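These numbers were taken from a predicted model, which means no experiment stands behind them. Atoms considered below: every heavy atom in the structure, side chains included; atoms not considered: hydrogens, waters and symmetry mates. In listed order, ligands and their atoms are each counted from 1.
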Amino acid sequence: MDFRTHLKKYLLDDQIEALIKSLENKEVKHALVLNDEKISVDSFKKEFPNIIPHPIVPNVFIYDSNDYSFGKHIYHEMGYYYIFEPCSSIVSHLLNPNENDIVLDIAAAPGGKSIHTSLLMKNQGILVSNEIQQARAFVLSSNVERMGRKNIIVTNNNIDDLVSKYQNYFSKIILDAPCSGSGMFRKMDAMKEDWTYQKVLSLSSLQKELITKAYSMLQEGGKLVYSTCSFSYEEDEEVIIHLLNNTDAQLLPIENQNGFYYSKEKIGIHLLPHLFGGEGHYICLIEKPIKNLAIPSYKSLKDKFNDIRKITHLDEGYIYKFDDTYYYLNKYIDTKGLHIIRGGLKLGVQEKYGFVFDHALSHYSKNINSLELTLEEAKSYIEGNQITKNCKDGYVLLTYQSNGIGFGKASKNKINNKYPKGLRIKL
Ligand code: SAM
């Protein structure tokens with residue numbers, strides 16, 4: 001079956017024509033979610049007046065890449081925002097996570113939905129961001145670090161590893177499933193050329209397996225959001241119908257907003273480029289009914305690392321040591337047996353001559369012995385240069401606008417650059 005014909009499963013002819021026409025328009029709009037822990041919405045709007053608030057999602061802005069190169073700005077390196085696709089932001093917005101949630105994102109790389117979720121959780125609770133492909137899991141981990149997230153653990157496992165550990169466990173789950181990617185046709189010609197109906201069918205059966213397994217990890221009363229960037233009914237409604245027919249899952253209604261498209265059955269929403277803008281997404285919300293309140297209890301563990309707590313100024317949460325490195329978690333969660341890429345916020349290593357802070361901590365903390373740089377100095381530091389500036393000897397957190405950029409080690413007013421070599425960039 002060809003692309004046009006297969007859309008007839010849920011779209012009328014005039015909608016199909018409008019959708020196909022919009023896929024030929026290569027004018028792509030970008031969006032970013034602001035990290036308001038680092039910069040206020042007002043200051044950001046003042047500095048970049050051409051950004052447009054997302055019509056639905058708070059703290060998300062739409063922009064034209066002819067106006068701003070946000071990917072090459074110092075604010076990007078400092079984790080002031082995460083750039084993603086305008087439709088993507090609807091997923092976490094509808095899931096509506098909070099500070100008490102224990103969330104699982106099953107297919108998380110490169111990280112847009114996880115980072116947005118973590119921001120909505122105000123860096124509290126726990127978010128396990130999993131990615132099956134190792135190289136992508138490292139990219140995810142580096143994005144999580146840049147954005148200063150202390151509530152995210154990054155794992156690199158297949159869904160069966162997670163299922164065997166976490167039955168009825170998470171209060172919220174995101175399954176942004178691998179899909180045929182027709183919602184990426186405008187951005188990537190390769191997606192268009194690779195599309196076959198056979199591929200849609202085989203992904204549909206993988207998605208049915210993934211959603212059923214994902215659902216088994218949801219606690220009673222918990223919410224699951226399923227999304228794809230595919231326009232195929234087989235990868236969207238049909239996957240949800242499979243779940244509803246084979247489990248006790250219940251569909252949650254999604255309130256109509258300007259541009260949402262519902263198929264006849266009203267199972268989830270389609271964001272179609274000609275109606276909503278953005279590239280295209282399908283989103284559906286599911287709930288697990290409460291039967292016997294079998295909600296897991298999370299152990300509240302005390303740690304013994306008061307010295308590290310003092311040095312790092314982390315008052316709450318749980319500090320643990322793995323090999324020689326100290327990590328921080330908001331809450332203890334058992335991850336034994338999983339392949340961990342990032343076991344929480346990495347704090348550093350205790351050496352004989354003192355504590356060596358990890359770069360990850362610089363994006364979160366503001367309280368460590370710090371030194372404010374000018375914009376020119378900050379850019380030079382990110383490039384990898386030594387900074388000369390009046391400063392006490394020893395480890396120092398270098399800041400710009402009072403937000404951490406990275407560490408340096410000062411001796412006689414020369415600050416050796418500890419910015420990770422792989423991240424150095426000319427801005
Ligand atoms: N949620 C991500 C974000 O917001 O940045 C995008 C995820 S992308 C749509 C789908 C992900 O599913 C890919 O990273 C891919 O590696 C992963 N994936 C592929 N096959 C998978 C499988 N069998 N099980 C779980 N994840 C899989």
Within the side chain of His76, is there an N or O that forms a donor-acceptor pair under 3.5 Å with the backbone of His73? no
Honestly, for Leu210 the part within reach of ligand 1 (heavy atoms, under 4.0 Å) is side chain
| task | Scan side-chain atoms only and decide if Tyr197 and Glu234 contain a donor-acceptor pair under the 3.5 Å cut-off. | result | yes
Should the pair Lys321 and Tyr327 be classed as cation-pi, given the thresholds of under 6.0 Å to the six-membered ring centre and 45° from the axis? no
At under 4.0 Å between heavy atoms, what of Ser88 touches ligand 1? The answer is neither
Problem set entry | Lys113 N/O to ligand 1 N/O under 3.5 Å | yes
A student checking ligand 1 against Gly112 at a 4.0 Å heavy-atom cut-off should list atoms 3 (C), 4 (O), 5 (O)
Given 3.5 Å as the limit, does a donor-acceptor pair link the side chain of Gln124 with the main chain of Met121, or not?
no
From the list Tyr63, Phe48, Tyr75, ring pair (Phe, Tyr, Trp, His ring centres under 6.0 Å) partner of Tyr68 resolves to Phe48
Short version for Asp176: what comes under 4.0 Å of ligand 1, heavy atoms counted, is both
Among non-hydrogen protein atoms, atom 20 (N) of ligand 1 lies closest to Pro178 CG, 3.7 Å
**Study point:** Parallel, tilted or perpendicular: ring planes of Phe276 versus Phe260, cut at 30 and 60 degrees
**Key:** tilted
**Prompt:** Less than 4.0 Å between a side-chain N and a carboxylate O, is that true for Arg4 and Glu17?
**Reply:** yes
Can you check whether Ile132 has an N/O within less than 3.5 Å of an N/O in ligand 1? no
shortest atom 12 (O) of ligand 1-to-protein heavy-atom contact is with Ala107 CB, 3.3 Å
Quick note on ligand 1: atoms under 4.0 Å from a heavy atom of Gly111 include exactly 3 (C), 5 (O)
Run the salt-bridge test on Asp248 and Lys288 with the 4.0 Å N-O cut-off and return the result as yes or no. no
The closest protein heavy-atom partner of atom 2 (C) of ligand 1 is Ala109 O, 3.2 Å
Residue, atom and distance of the protein heavy atom nearest atom 16 (O) of ligand 1 read Glu131 OE2, 2.6 Å
Note: Gln133, heavy atoms under 4.0 Å from ligand 1, region reported as side chain
Problem - Pair Thr228, Glu235: side-chain N/O donor-acceptor within cut-off below 3.5 Å - result: no
So the atoms of ligand 1 within less than 4.0 Å of a heavy atom of Pro110 turn out to be 5 (O)
- Message: For ligand 1, which is the ligand I care about here, please tell me if Tyr82 has any N or O atom under 3.5 Å from one of the ligand's N or O atoms.
- Response: no
